[in-house]
Amino acid sequence: MLAGLGAYVPPRVVSNLELCDRLDTSDEWIRSRIGVSSRRIAEGEATVDLAVRAGQRALAAADRRDIGAVILATTSADRLCPAGAPEVASRLGLGSVAAFDIAAGCSGFVYGLAVASSLVTSGAFGSVLLIASEAFTALVDPSDRLTAVIFGDGAGAVVLTAGHAGQPGALGPFDLGSDGTNADLVHIPGGGTRAKKKAQAPTTDSAPFLRMNGPQVFELAVTNMSRSVRRVLAQANCSAADLDAVIAHQANQRILDAVADGLGLGAHQMLSNLTHVGNTAAASVPLLMAQAAASGALCAGQRVVLASFGAGLTWASTVLTWPKVHSVVE
Ligand code: COA
């Protein structure tokens, strides 16, 4: 069950107007087409650094140090090898605990919740620290106006502990899925073995920067997140009308609005922090969870759905009754 939340965003705020200085775009276009006014950009901090900060806060919120495993969900790893989780665990002073990364695009956190809660409910570990962290803007081509205006950096973390099915804070059921036939719709072509083993000559396609088909990703994000939420609600024997809040991947306000419309949700049920942080990839769901809990927007007893969609393609949803839980965001 959910026993503590933490989040960290780097201090540097980059407004739309600042991006307009170097890109052919406008504040009006970014706010109306995406819903972002500003984002946080990590300077001198990489994904593991952000993860350590969020992890410290989640451990403080849960008031626990007896962690059995650390899982890091990220699409912007510090290095291709090794995974970042072992370094996060040691920098948090957790010793030689189990530690590994999860790569499931922007769905990595909700995939990570499914893995972490299985590890706890199976009795393998008494508690798990799951962190989603992204210094994703390092992977965005600064000259690509389509992607450079969307993303931001940040990290969110949760501590999961053993509990009873059905009690507040217990996670599940889960709906997880993927569509590898659309792997090229949002991807980073360079930097991996494919670029090195198959490239005949260096091209812009081998650059380690995100490439995205915006309109197709938009459509598939709406379809797959909505379908995933419907499936998880059916498994949980409840309906959208029973929900107090949906925390969905913060990619584009128009995606959130379309998912809300399709599910028959009111605007108040679909939470959003997109305007101040942009799309923080896998970190977006736990960042919003932690901020909403800290601000009082999420309260004990509320029925909440978490939903995500990302590169892969991947999607994932789960449902929980919000517990009495601390959240540390500053
Ligand atoms: N500023 C101004 N104009 C821009 C622009 C920018 N930053 N980026 C694109 N445009 C222009 C395009 O060149 C195009 O111009 P044209 O009509 O003259 O050809 C026009 O805006 C529309 O482009 P399009 O790509 O159709 O825009 P869109 O309405 O689909 O919005 C996204 C683009 C990227 C915001 C939107 O497709 C989106 O959010 N997709 C999903 C992204 C996502 O979720 N990614 C993460 C996956 S986890």
Side-chain angles (χ1 to χ4, degrees), residues 14-39 73-76 102-112 132-134 136-154 156 176-180 182-189 209-228 247-260 270 272-275 277-288 306-317:
V14 174
S15 69
N16 291 345
L17 289 176
E18 186 174 341
L19 291 181
C20 293
D21 288 344
R22 60 177 173 81
L23 287 167
D24 179 17
T25 188
S26 68
D27 176 49
E28 199 281 329
W29 193 94
I30 303 169
R31 280 192 289 106
S32 63
R33 302 305 295 164
I34 306 171
V36 177
S37 303
S38 62
R39 70 286 294 145
T74 188
T75 45
S76 51
I102 284 191
C106 300
S107 306
F109 176 76
V110 183
Y111 265 74
S133 180
E134 304 276 15
F136 197 84
T137 58
L139 302 174
V140 169
D141 180 348
S143 66
D144 176 13
R145 69 175 181 170
L146 190 67
T147 53
V149 299
I150 294 178
F151 291 93
D153 300 325
L176 309 179
S178 72
D179 168 17
N182 280 314
D184 288 349
L185 289 185
V186 48
H187 69 140
I188 298 168
F209 287 133
L210 182 81
R211 298 291 173 222
M212 182 177 75
N213 180 323
Q216 280 194 56
V217 172
F218 187 106
E219 200 182 314
L220 288 165
V222 173
T223 309
N224 287 300
M225 265 202 293
S226 307
R227 200 182 287 154
S228 183
I247 296 192
H249 174 47
Q250 305 285 297
N252 183 317
Q253 189 59 45
R254 290 185 297 127
I255 293 178
L256 297 177
D257 294 345
V259 171
M270 182 63 81
S272 173
N273 63 355
L274 191 61
T275 187
V277 295
N279 179 346
T280 56
S284 84
V285 168
L287 189 53
L288 179 52
L306 311 177
S308 56
F309 174 83
L313 303 171
T314 57
W315 53 85
S317 303

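Just so you know, ligand 1 is whichever comes first in the structure, and atom 1 is the first atom listed for that ligand.
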Could you check which of W29, F218, F151 puts a non-hydrogen atom nearest to atom 8 (N) of ligand 1? W29
In ligand 1, the atoms that come under 4.0 Å of a heavy atom of F309 are 48 (S)
Any idea which atoms of ligand 1 are less than 4.0 Å away from a heavy-atom of R33? 29 (O)
With heavy atoms and a 4.0 Å threshold, my read on which part of T25 contacts ligand 1 is both
Of the listed options (G214, S32, S107), which comes nearest to atom 41 (C) of ligand 1 when hydrogens are ignored and any heavy atom counts? G214
Positive for side chain to side chain contact (heavy atoms under 4.5 Å, CB included) with N182, one of L220, N224, N213: L220
Is the shortest heavy-atom distance from the side chain of I150 to the side chain of V36 under 4.5 Å? no
Note: R211-D184 ion pair, threshold 4.0 Å (strictly below): no
With heavy-atom distances below 4.0 Å as the criterion, list the atoms of ligand 1 near P215. 25 (O), 26 (O), 30 (O), 37 (O)
Distance-minimising heavy-atom pair for F309 and C106: O-CB, 3.2 Å
Shortest protein contact, atom 13 (O) of ligand 1 (heavy atom only): R145 NH2, 2.8 Å
Taking 4.0 angstrom as the limit and counting only heavy atoms of M212, give me the atoms of ligand 1 inside it, by number and element. 34 (C), 42 (C), 43 (C), 45 (N)
Shortest non-hydrogen contact between S228 and A316, atoms and distance: OG-C, 3.8 Å
Proximal atoms of ligand 1 relative to G310 (non-hydrogen, under 4.0 Å): 48 (S)
Closer than 3.5 angstrom, by distance alone: can the side chain of R31 be matched with the main-chain N or O of N16 as a donor-acceptor pair? no
What atoms of ligand 1 come within less than 4.0 Å of a heavy atom belonging to R254? 28 (P), 29 (O), 31 (O)
Numbered in order shown, the ligand 1 atoms found under 4.0 Å of a heavy atom of C106 are 48 (S)
Is the shortest heavy-atom distance from the side chain of V110 to the side chain of W315 under 4.5 Å? no
Within less than 4.0 angstrom of ligand 1, does I150 place any heavy atom? yes
Mark up the atoms of ligand 1 that fall under 4.0 Å of a heavy atom belonging to I34, in ascending order. 35 (C)
Main-chain N/O of R33 paired with R254 side-chain donor or acceptor, under 3.5 Å: yes
Under 3.5 Å, is there a donor on one side chain and an acceptor on the other for T280 and Q250? no
Ligand 1 contact on I30 by region, counting heavy-atom pairs under 4.0 Å: neither
Looking at atom 46 (C) of ligand 1, tell me if a protein heavy atom falls under 4.0 Å from it. yes
Determine, using heavy atoms of I255 and all atoms of ligand 1, whether some pair is separated by less than 4.0 Å. yes
Is any heavy atom of the protein nearer than 4.0 Å to atom 17 (O) of ligand 1? no
Return the closest protein heavy atom for atom 44 (O) of ligand 1 as residue, atom name and distance. A251 CB, 3.2 Å
If you measure from CD1 on I30 to CG on L23, what distance do you get to the nearest 0.5 Å? 7.5 Å
Going by a strict under-4.0 Å cutoff (protein heavy atoms only), does atom 23 (O) of ligand 1 have a neighbour on the protein? no
Determine whether any protein heavy atom is located less than 4.0 Å from atom 39 (O) of ligand 1. yes
Do S37 and T275 pair up side chain to side chain, a donor and an acceptor below 3.5 Å, judged on atom types alone? yes
Can you find a protein heavy atom under 4.0 Å from atom 20 (C) of ligand 1? no
Side chain to side chain contact (heavy atoms under 4.5 Å, CB included) partner of F209, chosen from T147, D144, D141: D141
Mark yes or no for whether S308, through its side chain, and H249, through its backbone, hold a donor-acceptor pair below 3.5 Å. no
